[in-house]
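First the structure, in the form of structure tokens, and then the observations on it.
All heavy atoms count here, side chains included; hydrogens, waters and symmetry mates do not. All values reported here derive from a predicted model rather than from experimental measurement. Numbering of ligands and ligand atoms starts at 1, following listing order.
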Amino acid sequence: MENVINNNRSPDSLLSLVIPAFCEGSHIRSSIQVIEQILIENKISYEFVIVDDGSKDNTWEELQILAGENHKVTAIRLSRNFGKESALCAGLDHAKGDMIIVMDADLQHPPELIPQMVKAWRDEGYDLVEGIKNSRGKEKRLYHLCAKIFYKFLYKTADINLEQASDYKLMDRKVVEAWKGMPERTTFFRGMTAWVGFERKQICFDVAKRVNGSTKWSAYRLLRLAVNAITSFTSVPLHCITILGIIMFIGTIVLGAQTLYMKISGKALDGFTTVILLQLLIGSSIMVSLGIIGIYLTKIYQEVKGRPRYLISNRIQDGEKK
Ligand code: UDP
Ligand code: MG
């Protein structure tokens with residue numbers, strides 16, 4: 001891993017822009033032009049890695065033209081629509097830059113911030129520069145509420161605060177390598193970049209309006225992403241079963257005592273005591289056993305994810321920064 005890490009941060013360090021595109025044919029070329037203009041004005045050396053995530057429109061044709069006339073553009077086409085997360089993985093795998101910016105194809109991530117991000121990486125030594133949403137742009141109320149609950153839950157259970165996080169980020173090469181070193185199959189980019197740590201700086205931006213087309217996130221896709229994120233970052237739902245089992249067991253003791261008391265004092269109906277006691281006992285023991293299985297499952301799930309135990313941010317050896 002070490003030989004690919006380049007710690008030289010110089011004015012001609014290469015910037016890779018990784019852009020996933022799904023049905024963005026109508027404006028992908030003009031978007032790239034806008035971004036490229038800013039890069040040229042600021043004398044940043046760059047390459048584009050644009051991933052067509054199985055679009056059904058003319059995105060790929062547009063990308064072919066673009067890559068044909070501009071050799072700084074690498075176009076990748078996935079065999080079908082794998083979703084933004086997978087498209088990002090493909091893009092990051094093919095990016096060669098010393099720093100990498102991930103952004104959307106619809107200019108909702110203002111490219112004017114790029115020079116500022118690059119400066120924070122080059123001159124201030126940050127490894128990760130994150131775009132933070134000042135406002136979340138226009139959203140439906142229900143959507144806003146769901147997003148709020150989701151972020152709160154993730155923050156409380158996994159200690160990851162993503163409320164204003166966006167997928168607009170600059171990452172140092174070593175952050176990308178660390179991210180690639182996570183072998184899990186289902187990824188949640190925002191969560192994983194929060195998990196890896198490193199020196200980070202946050203830059204606020206207002207979410208711009210989409211240049212063209214419409215959002216690709218249906219309610220179902222968002223729900224799937226949310227479940228993905230929660231199950232990848234927290235095992236709290238599994239522990240809930242154990243807690244429920246314990247609560248039920250306490251209930252069993254209380255209710256059991258009451259039932260027995262009724263029986264002894266002769267107030268109980270014939271046969272009911274046995275039924276109640278059996279119900280309580282079976283119910284609570286099933287819950288507790290499920291909970292125990294849950295705890296083991298949590299362990300297996302953590303092992304299966306196979307995340308590295310730690311990540312190194314800097315190393316000095318023989319008086320040299322590695
Ligand atoms: N995208 C993708 N695959 C998908 C859905 C979206 O690559 O299945 C890309 C899309 O082309 C865009 C980015 O992900 O560059 C963000 O998508 P969108 O603008 O639809 O989401 P929003 O900005 O509304 O969250
Ligand atoms: Mg968008």
Rounded to the nearest 0.5 Å, what's the gap from CD1 on I300 to CD1 on I295? Could you check? 12.5 Å
Distance under 6.0 Å and angle within 45° of the ring axis: does K84 meet both against F189? no
Once rounded to the nearest 0.5 Å, what's the spacing between atom CG of N58 and atom OG of S26? 7.5 Å
If the threshold is 4.0 Å, N to carboxylate O, is there a salt bridge linking E177 and K174? no
Can you pull the residues with any heavy atom under 4.0 Å from ligand 1? P20, A21, F22, E24, D53, N81, G83, K84, D104, A105, D106, Q108, R210, T215, K216, W217, R221
Would Y46 and E36 satisfy side-chain hydrogen bond (donor to acceptor under 3.5 Å, both in side chains), going step by step from the backbone distance to the final call? CA-CA 9 Å; Y46 62 91; E36 194 167 25; 2.6 Å; yes
What's within reach of the Mg ion (ligand 2), meaning protein N/O/S atoms under 2.8 Å? D106 OD2, Q108 OE1
Establish whether F22 and L17 are linked, either directly or via other cluster members, by ILVMFWY side-chain heavy-atom contacts under 4.5 Å. no
Rounded at 0.5 Å granularity, tell me how far CD1 in I19 sits from CG in D53. 14.0 Å
Passes side chain to side chain contact (heavy atoms under 4.5 Å, CB included), W179 versus I100? Steps please. CA-CA 12 Å; W179 187 76; I100 293 162; over 6 Å; no
Is V34 reachable from F205 through a run of hydrophobic residues whose side-chain heavy atoms are each under 4.5 Å from the next? yes
